[in-house]
Each structure stands twice: as structure tokens, then as C-alpha cells.
Amino acid sequence: MNMTRRTFIAAATAVASFSLLAPVQAAEPIKIGLVAALSGQSALSGEAITRGLTIAIDEINASGGLLGGRKLELVRRDDESNPAKGVVAARELIFREKVTVLFGGLDTPVSLAIVPLANQEKVPFMGAWAAGTPITKNGAEPNFVFRVSAVDEIVNQAMLDYAQKTFNGSKFGMILVNNPWGESNEKGLRAALQAKGLAPVGVEKFEGNDVDVVPQLSRLKAAGADTLFMVGNVGPSAQVVKSLDRMGWKVPIVSHWGPAGGRFTELAGPSAKDVHFVQTYSFFGKQSAVGEKVIKAMMTRYPDVKGPENITPAVGVANAYDGMQLAARAIAKAGSTDGDAVRKAFYDIDEHVGLIKTYRKPFAPGVHDAVTKDDYVWARFIDNRILPVSLGE
């Protein structure tokens with residue numbers, strides 16, 4: 001009798017344990033990874049991407065999650081703007097955390113270092129900021145890297161068009177960070193100039209930790225440059241502006257979006273407002289229904305957000321929000337968290353009403369960038385706020 005009772009109790013316990021565990025397993029979260037600069041001069045970029053992802057994830061989870069009720073969970077790692085640390089962080093998210101989709105941050109060198117790992121391990125990698133052309137055009141087949149962000153070769157065409165239209169520039173000098181991002185932009189700018197029968201009057205490079213760029217700028221001035229194309233993230237770009245101030249050289253600066261990634265006005269000083277740079281979105285001005293929804297969600301989720309002026313850098317929030325929504329659609333269409341199934345499902349997204357725009361067939365084999373040159377906004381800093389140039393004048 002005792003043996004029978006023990007057997008019954010053991011069996012009942014096993015059944016109860018299974019009943020308790022089964023729903024927990026069914027509700028296992030779908031992990032979304034982020035490798036970005038969460039510390040240092042570009043930390044604001046990582047925080048903006050985090051907030052954009054979080055707002056999208058909150059929205060998706062509130063509507064029931066994905067794949068039969070599984071919630072999304074964001075797992076972050078700091079790359080410290082260092083490619084080697086970025087790869088270590090990506091490996092941890094892929095192998096230990098087993099993320100379904102991995103998001104990247106501001107720095108092109110970091111993203112370029114992660115690309116081979118993502119392709120090798122068949123984990124979709126979504127670029128939410130870094131604009132280096134080879135990130136998505138990486139030669140891999142199949143290619144697991146997608147992007148909702150600017151693309152250097154397209155931005156470079158836009159930089160030239162804007163410089164000619166806004167400043168009537170004709171003698172262009174380049175001042176570029178000496179890394180793969182700078183190289184990508186030099187190639188793109190040369191191609192854009194050549195297409196119009198032009199060539200740069202000079203090309204100068206600077207290191208990410210340089211505190212004086214006067215020698216390089218002096219050579220560009222001597223060469224007769226009437227407009228400068230600048231490519232560099234927050235700290236280096238600020239040093240360019242401060243060096244120009246020391247020289248007393250007032251020259252128009254048309255920049256990639258590096259200055260938007262952190263404490264640019266604080267580091268560059270009063271002349272920060274003279275830099276015109278590209279953006280993919282602005283929360284100022286008339287907003288779409290999605291824009292109004294995101295602003296409201298940001299104000300509800302984050303106490304420091306009182307309005308559009310506190311949603312900064314806007315591109316980090318906007319790119320990450322749309323990137324996460326598109327990734328969620330791909331996961332849903334795949335009906336699985338399998339990396340290759342999700343990759344193929346990105347091609348099956350027909351239409352999505354996003355924040356930056358309404359996406360129509362945003363991805364296809366050979367087309368892994370969802371944002372085009374028609375989606376760019378030109379901006380500058382006015383009183384520590386990033387405003388479209390048309391609103392800041």
C-alpha cells in the first residue's frame with residue numbers, strides 16, 4: 001500500500017511539474033540583441049537606439065507578442081566603440097543569449113567586424129545607425145545583414161547636392177576620420193564628385209583621438225577649398241570645429257551625421273551650430289500618426305522626455321524603432337526564430353507603415369538597405385536641439 005501511495009504521489013508530482021513547466025517553456029521570450037556604444041563620447045547614440053527598440057518592443061508585446069504569445073526581450077552589450085569588444089559582445093549575445101536578431105550601433109568599424117560572425121552563424125544583423133556601405137554590401141551569399149539607416153554612398157551624393165544648392169560650393173575639401181568609415185566616405189564622395197565632372201581640391205585624414213586638426217585644415221585652406229565635407233563621430237568632429245575656430249576660418253561644413261551621436265555642442269562650442277548634417281528623421285514639425293504615437297510613448301516611458309527636443313539623437317530612436325518593427329514582421333512571417341527562415345522572411349515584407357516612411361518591399365535579394373536618398377533630412381544644432389535646417393533658420 002505504501003509503495004502504491006508513493007508511486008501515485010510521484011506520478012502526480014511529475015504530472016504537476018510538467019503542467020507547470022509546459023506553459024513556461026511555451027512563453028519563452030524571443031531575445032533581441034543590441035551591440036552599441038553605451039559608454040564614452042557616443043553613449044547617447046546607444047541610448048537612443050535602446051529607446052527606439054524599447055518603444056517598439058513594448059508596442060509589440062502589448063499587442064500579444066509574436067509566435068503565439070512569446071514576448072520580446074532586449075539584451076544589450078556595450079561595445080565601447082571598439083571593434084574587438086564589439087565582436088566579443090556579439091559572440092556572447094549569439095552563443096550564450098541565443099538572440100534571434102542582433103542590432104548594431106553607431107560605429108561602422110564595429111559593425112564591419114561583426115558582419116562575418118553574423119553571416120557565419122546565420123543570425124540576422126540589423127544595422128540601426130552605422131552607415132558604411134560595405135556593411136550590407138559585404139559580398140556574402142546568403143547575406144544576413146540588413147539595415148534601416150543611411151548608406152554612405154547615397155549620403156555622399158546627397159552631401160554634394162546639398163553643398164552645391166545651399167552654399168554654392170565648387171571647390172570641395174574632405175576632412176575624414178582615418179578608419180573604414182572614413183575610407184567608405186572618401187570612395188563615395190570621390191564617385192559623387194566624378195559623376196559631376198569634379199574632383200576634391202584636397203583630402204585630409206585625422207585620428208579619432210586627435211585634439212588639433214589645424215595642420216590638415218590649413219592645407220585644405222591653402223588648396224582653395226570653399227566648402228568642407230566632414231566625416232567623423234562626435235569627439236573628432238568637435239575637434240575639427242574647434243580647430244577651425246582657432247584658425248579663424250569660417251567655411252561651410254557639410255557633414256555626415258556623426259555630430260548627432262553625442263555631446264557635440266558641449267565639445268565643439270558655439271560654432272557647433274554652423275555644421276549642417278544629414279539625418280533620417282526629425283521629431284520636429286508636422287508628424288504622421290506613427291510619429292505622434294512614438295512621441296507619446298517616449299514621454300510616457302521616459303520621464304526626461306518632455307517633447308521632441310528631448311528625443312535625441314532622433315535618428316537612433318527612429319531607425320531602431322522601424323528596424324525592430326520590420327524584424328518583428330519578418331519573425332512573424334517566418335513563423336520561427338530560425339535565422340535563415342527570418343532572413344528569407346525579410347524579403348516577404350510587402351508593406352509596413354513606419355516612422356521614417358511607409359516601406360514597400362523594403363528588402364529583396366541584393367537590396368538590404370530600406371532607407372533611400374529621398375528619406376534624408378538636413379539638420380543642425382540650435383540651442384542643443386537638432387532641428388531641420390528649414391526650422392532652425
Is it the case that the side chain of [X] and the backbone of [Y] share a donor-acceptor pair, with hydrogens and angles ignored and the cut-off at 3.5 Å?
X: Ser149; Y: Trp129; result: yes
X: Thr166; Y: Ala163; result: no
X: Asp322; Y: Gly354; result: no
X: Asp210; Y: Pro236; result: no
X: Gln216; Y: Lys205; result: yes
X: Ser336; Y: Asp338; result: yes
X: Asp107; Y: Pro109; result: no
X: Ser237; Y: Val234; result: no
X: Thr108; Y: Gly132; result: yes
X: Gln287; Y: Phe283; result: yes

Heavy-atom pair with the smallest gap, counting every atom of [X] and [Y]:
X: Arg147; Y: Asp369; result: NE-OD1, 2.6 Å
X: Phe144; Y: Gly339; result: CE2-O, 3.6 Å
X: Gly173; Y: Ala225; result: N-CB, 4.0 Å
X: Ile94; Y: Val123; result: CG2-CG2, 3.9 Å
X: Val110; Y: Pro83; result: CG2-N, 3.7 Å

Could you work out, with side chain to side chain contact (heavy atoms under 4.5 Å, CB included) as the rule, every residue matching [X], not counting sequence neighbours?
X: Pro116; answer: none
X: Lys31; answer: Glu73, Val75, Glu97, Val99
X: Ser271; answer: Val241, Asp245, Lys250, Asp274

For the residue pair [X] and [Y], establish whether any side-chain heavy-atom pair is separated by less than 4.5 Å.
X: Phe277; Y: His256; answer: no
X: Ile331; Y: Thr100; answer: yes
X: Glu47; Y: Leu38; answer: no
X: Met247; Y: Val214; answer: yes
X: Phe146; Y: Ile135; answer: no
X: Ile253; Y: Leu244; answer: yes
X: Ser243; Y: Trp249; answer: no
X: Leu160; Y: Phe229; answer: yes

For residues 341-350, which side-chain N or O atoms pair as donor and acceptor with protein atoms under 3.5 Å away, sequence neighbours left out?
unit_1 : atom_1 : unit_2 : atom_2 : d
Arg343 : NE     : Asp340 : OD1    : 2.9
Arg343 : NH2    : Asp340 : OD1    : 3.0
Lys344 : NZ     : Asp340 : OD2    : 3.4
Tyr347 : OH     : His368 : NE2    : 2.9

Without hydrogens or angle criteria, can the side chains of [X] and [Y] be said to hold a donor-acceptor pair below 3.5 Å?
X: Thr312; Y: Arg385; result: no
X: Asp375; Y: Thr280; result: no
X: Asp152; Y: Trp181; result: yes
X: Arg51; Y: Thr54; result: no

Which distance, rounded to the nearest 0.5 Å, do you find between the [atom1] of [X] and the [atom2] of [Y]?
X: Lys71; Y: Asp58; atom1: NZ; atom2: CG; result: 10.0 Å
X: Ile114; Y: Asn119; atom1: CD1; atom2: CG; result: 12.0 Å
X: Ser111; Y: Asn138; atom1: OG; atom2: CG; result: 11.5 Å
X: Leu198; Y: Ser170; atom1: CG; atom2: OG; result: 8.0 Å
X: Leu34; Y: Thr50; atom1: CG; atom2: OG1; result: 5.0 Å

**Message:** Tell me if the aromatic rings of Trp378 and Tyr162 count as close, with their centers under 6.0 Å from one another.
**Reply:**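 They qualify: ring centres under 6.0 Å apart.
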**Request:** Tell me whether the centres of the aromatic rings in Phe381 and Phe264 are closer together than 6.0 Å.
**Result:**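 Yes, the ring of Phe381 comes within the 6.0 Å limit of the ring of Phe264, centre to centre.
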Restricting to salt bridge (charged side-chain N to carboxylate O under 4.0 Å, His left out), what partner residues turn up for [X], sequence neighbours left out?
X: Lys196; value: Asp161
X: Glu207; value: none
X: Glu183; value: none
X: Arg190; value: Glu186

**Request:** Flag yes if more than 12 heavy atoms outside Lys273 fall under 6.0 Å of its NZ atom; otherwise flag no.
**Result:**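 Correct, the count exceeds 12.
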**Message:** If you apply the rule side-chain hydrogen bond (donor to acceptor under 3.5 Å, both in side chains), what do you find for Asp78 with Ser39, and how did you get there?
**Reply:** CA-CA 7 Å; Asp78 187 2; Ser39 61; 2.6 Å; yes
**Asked** Does any pair with a residue in residues 117-139 pass salt bridge (Lys or Arg N to Asp or Glu O under 4.0 Å), and if so which ones, sequence neighbours excluded?
**Response**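 As it turns out, the salt bridge (Lys or Arg N to Asp or Glu O under 4.0 Å) pairs with a partner in residues 117-139, which skip direct neighbours, are Lys137-Glu153.
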**Message:** Give me each pair satisfying salt bridge (Lys or Arg N to Asp or Glu O under 4.0 Å) with a member in residues 218-233, each pair once, sequence neighbours excluded.
**Reply:**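 Only Glu204-Arg219 qualify under salt bridge (Lys or Arg N to Asp or Glu O under 4.0 Å).
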**Asked** Do you know which of Arg329, Gln325, Lys361 makes side-chain hydrogen bond (donor to acceptor under 3.5 Å, both in side chains) with His352?
**Response**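 Passing option: Arg329.
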Residues 291-300 side chain polar contacts: donor-acceptor under 3.5 Å, at least two apart:
unit_1 : atom_1 : unit_2 : atom_2 : d
Lys293 : NZ     : Glu59  : OE2    : 3.1
Thr300 : OG1    : Lys296 : O      : 2.9

**Request:** Taking ring pair (Phe, Tyr, Trp, His ring centres under 6.0 Å) as the test, write out the residues that go with Tyr376, two or more places apart.
**Result:**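 Scan of Tyr376 (ring pair (Phe, Tyr, Trp, His ring centres under 6.0 Å), adjacent residues dropped) gives none.
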**Prompt:** Quick one: do Asp212 and Arg246 make a salt bridge, cutoff under 4.0 Å?
**Reply:**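 Here Asp212 pairs with Arg246 in a salt bridge, since their nearest N and O are under 4.0 Å apart.
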**Request:** Begin from the C-alpha positions of Asn319 and Tyr281 and carry the test side-chain hydrogen bond (donor to acceptor under 3.5 Å, both in side chains) through to its verdict.
**Result:** CA-CA 8 Å; Asn319 296 353; Tyr281 194 76; over 6 Å; no
**Prompt:** Relative to each other, are the rings of Phe167 and His276 parallel, tilted or perpendicular (30° and 60° limits)?
**Reply:**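 Because their plane-to-plane angle is over 60°, the rings of Phe167 and His276 count as perpendicular.
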